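So the structure is just underneath, and the comments pick up after that.
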Amino acid sequence: MKAPVRIAITGAAGQIGYQLIFRIAAGDMLGKDQPVILQLIEIPPALEMLKGVVMEVDDSAFPLVQDIIATTELDEGFNQADYAILVGSKPRGPGMERADLLSANGQIFGPQGASMNRVASRDVKVLVVGNPANTNALIAQANAPDLPPENFTAMTRLDHNRALAQLGQKQSVHHASIRNMTIWGNHSSTQYPDLHHVNIDGKPVMPHVDQTWYESEFIPTVQQRGAAIIKARGASSAASAASSAIDHIRDWALGTPENDWVSMAVPADGSYGIEPGVIYSFPCRCNDGHWEIVQGLEINPFSRERMDATDQELRQERQAVEDLL
Ligand code: NAD
Ligand code: LMR
């Protein structure tokens, strides 16, 4: 039996938390042989609801769950955490951009970064889901100076998965046969879903992609998918967000397949001319618990313009939260 790993989840009683916890408990994230200790963090008004969630986890009798902690105290929730999935924050409503949440949500992530800096595992792997996710990850990272900066990531895997689904439907192929999808930049409407490196069953897809569809349908559909779901459901995506969070951590921890890569928002290091420091989504390969930005991809002027626009937005968001960094 492996030693259990500690997984901290904020916003654990919310929509995404309710999906995430049960998938993790079932072994979908770290494997069916990896016991887990769930460290669930909420704010006081949601504690009663969180207790109800804990009752349901208990009632599921998951073989992998060794212990469950439900708390409103950050240092208790992040204590020795090996993984931290930061979901807790407000979702946007209709007509809002995710960046409109910055002033309400930004202040949540500084104290969480500081708490992890005090009590989490020295190698805690952090995934920020709460919006605006990229800049919230930057805030958490800035408040955790003793932890590895590269361990602070934000989620664009949902956008990546959305892009796979849209392309698969258009090309009449199963999305599992699509490789090397890339989301560049911010988890926002400036993100750039890039098909130039994609191949399907080993063949480049671009020669079969209609440029008008690419520019006027595919890119805007992926960029606006979150808003479309809010309009249809009256609430933001939850099950698909939780599923993508599981994909993100699983691939980071256990590795990406040989012939593929994934999109992860990670601290920019100057690769592809992106402003160092901003948390920017790149094509990444993971091995042995470490991610690496895929290097050497050819970037044409169409892509360059879009990659720079989303970089620009992230620089502006960073400037807007300077006092929290
Ligand atoms: P929700 O309102 O259902 O749940 C949020 C939970 O967070 C609530 O239970 C609330 O009590 C809790 N919370 C609020 N402040 C907290 C704090 N300081 N500490 C701990 N918990 C706190 O919302 P949801 O649908 O679960 O969405 C959560 C966030 O995830 C939103 O910001 C949403 O926009 C974002 N999101 C991101 C993606 C992505 O792809 N990155 C996808 C979907 C949703
Ligand atoms: C999403 O992409 O579904 C989430 O970021 C929620 C939102 O506000 O769009």
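Just so you know, these numbers use all the heavy atoms, side chains as well, and skip hydrogens, waters and symmetry mates. These figures come from a predicted structure and were not determined experimentally. First listed ligand is number 1; within each ligand, the first listed atom is number 1.
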> Among all protein non-hydrogen atoms, which one is nearest to atom 1 (C) of ligand 2, and what is the separation to 0.1 Å?
Replying inline: Arg162 NH2, 3.4 Å
> Counting heavy atoms only, which of Val53, Asn131, Asn105 comes nearest to atom 34 (O) of ligand 1?
Replying inline: Asn131
>> With a 3.5 Å distance limit and no angle check, can you tell me whether Thr256 reaches the backbone of Cys286 through a side-chain donor-acceptor pair?
In response: yes
> Does ligand 1 have an atom under 4.0 Å from some heavy atom of Arg157?
Replying inline: no
> Any N or O on Ser237 sitting closer than 3.5 Å to an N or O of ligand 2?
Replying inline: yes
> Does ligand 1 have a heavy atom under 4.0 Å from the side chain of Lys90, from its backbone, from both, or from neither?
Replying inline: backbone
>> With a 3.5 Å distance limit and no angle check, can you tell me whether Ser60 reaches the backbone of Phe62 through a side-chain donor-acceptor pair?
In response: no
> In the protein, what heavy atom is nearest to atom 5 (O) of ligand 2, and what distance, to one decimal place, separates them?
Replying inline: His187 NE2, 2.6 Å
>> Within the 4.0 Å heavy-atom shell around Ile230, which atoms of ligand 2 are there?
In response: 7 (C), 8 (O)
>> Test of understanding: given a 4.0 Å heavy-atom threshold, classify the contact between Leu158 and ligand 1 as side chain, backbone, both, or neither.
In response: side chain
> Quick one: which ligand 2 atoms are inside 4.0 Å of a heavy atom on Arg98?
Replying inline: 1 (C), 2 (O), 4 (C), 5 (O), 7 (C), 8 (O), 9 (O)
>> Please state which option from Gly88, Pro91, Gly14, Ala46 has its nearest heavy atom closest to atom 2 (O) of ligand 1.
In response: Pro91
> Looking at atom 7 (C) of ligand 2, what's its closest protein heavy atom, distance included?
Replying inline: Arg92 NE, 3.2 Å
>> Taking ring pair (Phe, Tyr, Trp, His ring centres under 6.0 Å) as the definition, give me every residue that meets it alongside His187, ordered by chain and number, with sequence neighbours left out.
In response: none
> Is the closest side-chain heavy-atom distance between Met307 and Tyr272 below 4.5 Å?
Replying inline: yes
> Can you list the ligand 1 atoms lying under 4.0 Å from a non-hydrogen atom of Ala13?
Replying inline: 9 (O)
> Counting only N and O atoms by type, is there a donor-acceptor contact under 3.5 Å from the side chain of Trp261 to the main-chain atoms of Met181?
Replying inline: yes
>> Between Trp184 (side chain only) and Thr310 (backbone N and O only), is there a donor and an acceptor less than 3.5 Å apart?
In response: no
> Can an N or O of Thr10 be found at a distance shorter than 3.5 Å from an N or O of ligand 1?
Replying inline: no
>> Can you list everything that forms a side-chain hydrogen bond (donor to acceptor under 3.5 Å, both in side chains) with Glu275? Sequence neighbours excluded, please.
In response: Arg315, Arg318
>> Counting neighbours of CD on Glu292 that are heavy atoms of other residues, nucleotides or ligands and sit closer than 6.0 Å, is the number greater than 12?
In response: no
>> For the CD atom on Gln211, are there more than 12 heavy atoms of other groups (residues, nucleotides or ligands in this structure) within a distance under 6.0 Å?
In response: yes
> Does a donor on one side chain sit under 3.5 Å from an acceptor on the other, for Asn300 and Ser303?
Replying inline: yes
> Tyr214 and Phe302: aromatic ring centres closer than 6.0 Å?
Replying inline: yes
> Of all the non-hydrogen atoms in the protein, which one sits nearest to atom 10 (C) of ligand 1, and at what distance?
Replying inline: Glu42 OE1, 3.5 Å
> Where does Ile229 meet ligand 2, judged by heavy-atom distances below 4.0 Å: at the side chain, the backbone, both, or neither?
Replying inline: neither
> Looking only at heavy atoms, is any part of Asp159 under 4.0 Å from ligand 2, and if so is it the side chain, the backbone, or both, or is it neither?
Replying inline: neither
> With a cut-off of 4.0 Å, which atoms of ligand 2 are near a heavy atom of Gly226?
Replying inline: 1 (C), 2 (O), 3 (O), 9 (O)
> Counting heavy atoms only, which of Gly11, Ser89, Ala12 is nearest atom 14 (C) of ligand 1?
Replying inline: Ser89
> Does the side chain of Thr182 come under 3.5 Å of the side chain of His197 through a donor N or O and an acceptor N or O?
Replying inline: no
>> Using a 4.0 Å cut-off to any heavy atom of Ser236, which atoms of ligand 2 qualify?
In response: 6 (C)
>> Just to be sure I read this right, does ligand 1 sit under 4.0 Å from the backbone of Gln15, its side chain, both, or neither, counting only heavy atoms?
In response: both
>> Below the 3.5 angstrom mark, is there an N/O of Ser237, backbone or side chain, next to an N/O of ligand 1?
In response: no
> Should Arg23 and Ser243 be marked as a side-chain hydrogen bond (donor to acceptor under 3.5 Å, both in side chains) after you check the CA-CA gap, both sets of side-chain angles, and the distance that decides it?
Replying inline: CA-CA 8 Å; Arg23 296 274 312 273; Ser243 194; 3.2 Å; yes
